[in-house]
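Step one of this worksheet: look at the structure below.
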Amino acid sequence: MTAEFIKPVIWEGDAIRLLNQQKLPGEVEYIFLKTIEDVWDSISELKVRGAPAIGIAAAYGLALWAKKNGSDDLQTLKTDLTEKSAYLNSSRPTAVNLSWALQRLLKASGEEASAEKVITRLETEAILIQQEDEETCRRIGEYGFSLLPEQATVLTHCNTGAIATSKYGTALGAFYIAKEQGADISVFATETRPVLQGARLTAWELQQAGIDVTLITDNMAAHVLRTKQIDAILVGADRITANGDTANKIGTYGLAILAKAHGIPFYIAAPLSTIDLHTATGDDIVIEERHAEEITHIAGKRIAPEGINVFNPAFDVTPHELITGIITEKGIVSGDYESGLAELFEPARI
Ligand code: MRU
């Protein structure tokens, strides 16, 4: 059975139609983004989230700005695009897909000789990024599935599904493929505090796809790993550095330690656009810190005392030595990440 996928970002030519992920699972609401500020706010407020999806949204955001406001003077347009790209890139600091997508647009459009052609190229390149991501995620899903036993029970964290990408998802892609192939797969999904991407989004997406999913709170993970015969943990990534250290949703590092303690394989699933060879190690990754209200409030209701100090990092870094393998669209890297990841970017040898 092939799952139906809901698209998080839809290009309308003069606007972006965006699935408002803040409203899920209660409501499937699409909103229209008509300005670059709308795009910045939507990324910052997590209406669109997940590393590949925010890259796609930002790419369309830049194309949208250029189409509506771009100068017909080539030099002025190029200067403005650099500035607007930096603005969009400031919406969230950790996921490298954001700057990757924007840089790709600037590089591709930089080859054009007129302002008109630059504007057209920005749009076609953004569309291409989204189209390529579909195929990329499909391959990640297939490689991920190849690692699972015939009857698999897996655990995942945060949300890495179709709505975090263009289609299929990364770690969740493996589960969709398993379902498609008629394999027997059960998933434990952590709720993922503080903003509950697991409870609100992963549980919903897997349920929609007819995949057996059981929701747990984050602090149940150790008990589940000990008692539920978990075959593997599969999660996504927001930035993978040259040595394989991986930033992903807060709580991922703890799961990797638990996986090691229980002798369970721990896999990262991510596209090449999430690999940042320019950053040497996880120590160099900027970790986004978000509003205190994400912790002091649940669904708008205060649950902690007024005036309490709060520390709210949105991501943590898992050191590469805790990672069994990194699943990409070009295959699975393990062991020596430094050379294995670099090789993924080498031109194909005949
Ligand atoms: O804060 P979020 O919801 O954007 O965090 C998302 C994650 O950490 C995902 O695991 C990651 O972006 C991979 S999405 C395929």
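Start at 1 with the first residue, then count along the sequence. Every value quoted in this text rests on a predicted model; they were computed, and no experiment measured them. Ligands are counted one by one from 1 in listed order, and the atoms in each one are counted from 1 as well.
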Can I get a per-line list of side-chain donor-acceptor pairs under 3.5 Å for residues 301-311, giving both atom names and the distance, sequence neighbours left out?
unit_1	atom_1	unit_2	atom_2	d
Arg302	NH1	Ala304	O	2.9
Arg302	NH1	Pro305	O	3.3

- prompt: Would you say the side chains of Thr241 and Asn243 form a donor-acceptor pair under 3.5 Å?
  reply: yes

message: Is a donor from one side chain sitting under 3.5 angstrom from an acceptor on the other, for Thr274 and Asn97?
response: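 Side-chain D/A pair, Thr274 to Asn97: present.
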
message: Strictly below 4.0 Å, N to O, side chains only: are Arg193 and Glu191 in salt-bridge contact?
response: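 No, this pair does not count.
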
For a quick test of your reading: what N or O donor-acceptor pairs under 3.5 Å do the side chains of residues 48-57 make, sequence neighbours left out?
unit_1	atom_1	unit_2	atom_2	d
Arg49	NH1	Gln21	OE1	3.1
Arg49	NH1	Asn159	OD1	2.9
Arg49	NH2	Asn159	O	2.9

statement: Contact set, ligand 1, heavy-atom distance under 4.0 Å, ordered by chain/number, equals Arg49, Gly50, Ala51, Pro52, Arg92, Cys158, Asn159, Thr160, Ala164, Thr165, Thr170, Gln197, Ala237, Asp238, Asn248, Lys249, Phe315

- request: Would you list the pairs meeting salt bridge (Lys or Arg N to Asp or Glu O under 4.0 Å) in which at least one residue belongs to residues 199-219, sequence neighbours left out?
  value: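 Residue pairs passing salt bridge (Lys or Arg N to Asp or Glu O under 4.0 Å), neighbours aside: none found.
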
